[in-house]
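As the structure is a prediction and not an experimental result, all values here were calculated from the model. Heavy atoms only: backbone and side chains are in, while hydrogens, waters and symmetry mates are out. So you know, we letter chains A, B, ... as the sequences are listed, proteins then strands, and number each from 1.
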Protein chains: 2
Amino acid sequence: MQPRIPVPTIRRLPGYLRLLREAAASRMDFISGTYLANELNLEPIQVRKDLAITGVAGKPRTGFAVRELINAIESLLGWSNTHDAFLAGVGSLGIALMGYGGFREYGLEIVAGFDIDKNKIGKTFHGKKVFAMEKLADLVQRLGICTCILTVPASAAQAVTDRLIAAGIIGIWNFTPAKLQTPDNVIVEKVDLAASLAVLSSKLQARQAKLI
Amino acid sequence: MQPRIPVPTIRRLPGYLRLLREAAASRMDFISGTYLANELNLEPIQVRKDLAITGVAGKPRTGFAVRELINAIESLLGWSNTHDAFLAGVGSLGIALMGYGGFREYGLEIVAGFDIDKNKIGKTFHGKKVFAMEKLADLVQRLGICTCILTVPASAAQAVTDRLIAAGIIGIWNFTPAKLQTPDNVIVEKVDLAASLAVLSSKLQARQAKLI
DNA sequence: TAGATTGTTAATCGATTAACAATC
DNA sequence: TAGATTGTTAATCGATTAACAATC
């Protein structure tokens, strides 16, 4: 069992991974923590601490083996091979996410959408088909899916979540403003746009106040 | 000058605000920190500490005056009246955000989009017109806009950011994976989807590993 | 009055940062 | 060898949590 990894460290790993992949693409074999820190505006010591949790040992004066570090981070995050995911709620945000190919770099591939709207069911967006919510449990089973992106209206979020869990989904990426009630064995990660906007606007607000 | 507010506190304020607005809508005059804590799965002491920074005093046994607390949080966040914002990069995510009316509750209203694609310029999405990037500086001036949502491809993010800043934008809500280089007086808040997905997938990964 | 809730002060916890030895 | 970089141990910092008095 690994010593548990701090969430702030987990959140910085994709940044390192992006630079490491760029380095690999330009055939660099080694990369230093100092370089990573510069690129990401972090302290070198923080980068070293973060990388230490991967278990990869660096070479003094040389840095870290790029390929080895990529593998270690990918396996830590579970990004070594792509995982298929469903998406519930094919509204404008849902369609946008279905069209965003970039998640593949993060080990995620949206394979189908689900909705209750008869006008959407059967249609295809960005090459991905939309099914009725009733089909969910069966398809989760058949395709062995365990992750679902939630982009339904806030008012429907809890009800749909209950259905996802009943169907066997254990990982939910929640794009709604709703605080979901779920059992302990289900993992929910919320993309909290309101929180993010609050940070931006409060800083702008503080700045304006200072100028007056 | 206020004692500076911890970012984690700022991030929780919108959650309180949502519940307070619901309470106001159902004509409740007072609300207790205990209730807020229950609804949001937080510790009561944390809610009290957070609310303390608003400067609003609660009444023992009664709680906090709903209307007073709403006003205090809104003014802290700069959400008292809606601020107009531009959006740069009218791709699928950009269009989705232009169609999302929910930002109005967070004091943000997208008033126009900008793009370099001739096929998009002049068009209207969700009632919002798309302009050529060349028009940006002039419109920022004329409409007194200071915030821009950034939804361009990662490869264009830095170049577009430079243009935004040159045009007078001082607040950037960055939806791209790029780490932006900006002067100190510009405020950037990043919606880091990769970081969020890393947290979800690493937890799922750890869970699978434990089961084996 | 009794008791729920607020608010303050102190303790704890965890992440970041500093200092410095080890290494190639 | 000299010096850049890693890695470990300790110090600092800031947020969360605990304890408890104050209040209505």
Side-chain angles (χ1 to χ4, degrees), chain A residues 2-13 15-16 19-20 23 28-70 72-73 76 192 195 198-199 202-203 206, chain B residues 2-13 15-16 19-20 23 28-70 72-73 76 192 195 198-199 202-203 206:
Chain A
Q2 306 148 10
R4 87 169 223 343
I5 306 163
V7 168
T9 294
I10 298 277
R11 294 183 60 90
R12 285 187 294 267
L13 292 180
Y16 304 139
L19 292 170
L20 286 163
M28 285 170 59
D29 288 330
F30 287 87
I31 199 167
S32 79
T34 319
Y35 171 80
L36 294 172
N38 277 339
E39 290 294 308
L40 298 167
N41 291 341
L42 302 173
E43 294 298 319
I45 173 62
Q46 186 164 57
V47 175
R48 277 178 277 151
K49 266 277 156 74
D50 285 345
L51 297 185
I53 60 103
T54 65
V56 174
K59 281 199 186 60
R61 276 221 13 109
T62 317
F64 298 84
V66 171
R67 197 61 246 172
E68 193 186 356
L69 205 45
I70 290 175
I73 293 177
L76 216 68
D192 198 338
V199 175
S202 70
K203 284 180 183 168
Chain B
Q2 305 147 8
R4 92 173 215 342
I5 305 163
V7 168
T9 293
I10 297 276
R11 294 183 60 91
R12 285 187 293 267
L13 293 180
Y16 304 139
L19 291 172
L20 286 162
M28 286 171 58
D29 288 331
F30 286 86
I31 199 168
S32 79
T34 320
Y35 171 81
L36 294 172
N38 278 339
E39 290 294 309
L40 298 167
N41 290 341
L42 302 172
E43 295 298 320
I45 173 65
Q46 186 164 56
V47 174
R48 276 179 279 152
K49 265 277 156 72
D50 285 347
L51 297 185
I53 59 103
T54 64
V56 174
K59 281 199 184 61
R61 275 217 20 108
T62 317
F64 298 83
V66 171
R67 197 61 247 173
E68 193 186 355
L69 205 46
I70 289 175
I73 293 177
L76 215 68
D192 198 339
V199 174
S202 70
K203 284 180 182 167

Practice prompt. Using a 3.5 Å limit on both pairing distances, list the dot-bracket string of DNA chain C from the 5' end; Watson-Crick and G-U wobble pairs count, crossing pairs take [ ], interstrand pairs take |.
Written response: ..||||||||||||||||||||||

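Of the residues in residues 28-42 of chain A, those placing a heavy atom less than 4.0 Å from an atom of DNA chain D are A:Ser32, A:Gly33, A:Thr34, in numerical order.
The distance from atom CG of B:Asp50 to atom P of C:dG7 is 13 Å, rounded to the nearest whole Å. Straight-line distance from the CZ atom of A:Phe64 to the P atom of D:dA4: 18 Å, rounded to whole Å. The interatomic distance linking A:Ile53 (CD1) with D:dT8 (P) rounds to 14 Å, in whole Å.
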Give each protein N/O atom lying under 3.5 Å from an N/O atom of nucleotides 17-24 of chain D, with the pair distance.
from: D:dT17; atom 1: O4; to: B:Lys49; atom 2: NZ; distance (Å): 3.0

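Every residue two or more places apart in sequence or in another chain was checked for a side-chain hydrogen bond (donor to acceptor under 3.5 Å, both in side chains) with B:Arg61, and none qualifies.
Note on B:Ala52: nothing from the nucleic acid sits closer than 4.0 angstrom, heavy atoms only.
Taken from CG in B:Leu40 to CG in B:Leu19, the straight-line distance is 5.0 Å, to the nearest 0.5 Å.
Counting heavy atoms from C-beta outward, A:Leu51 and A:Leu36 have side chains that approach closer than 4.5 Å.
Sorted pairs that involve residues 30-44 of chain B and meet side chain to side chain donor-acceptor pair (under 3.5 Å), not counting sequence neighbours, are lacking altogether. Listed by first and then second residue, the side chain to side chain donor-acceptor pair (under 3.5 Å) pairs involving residues 44-59 of chain A are A:Thr9-A:Asp50, A:Arg12-A:Asp50, A:Tyr16-A:Asp50 (not counting sequence neighbours).
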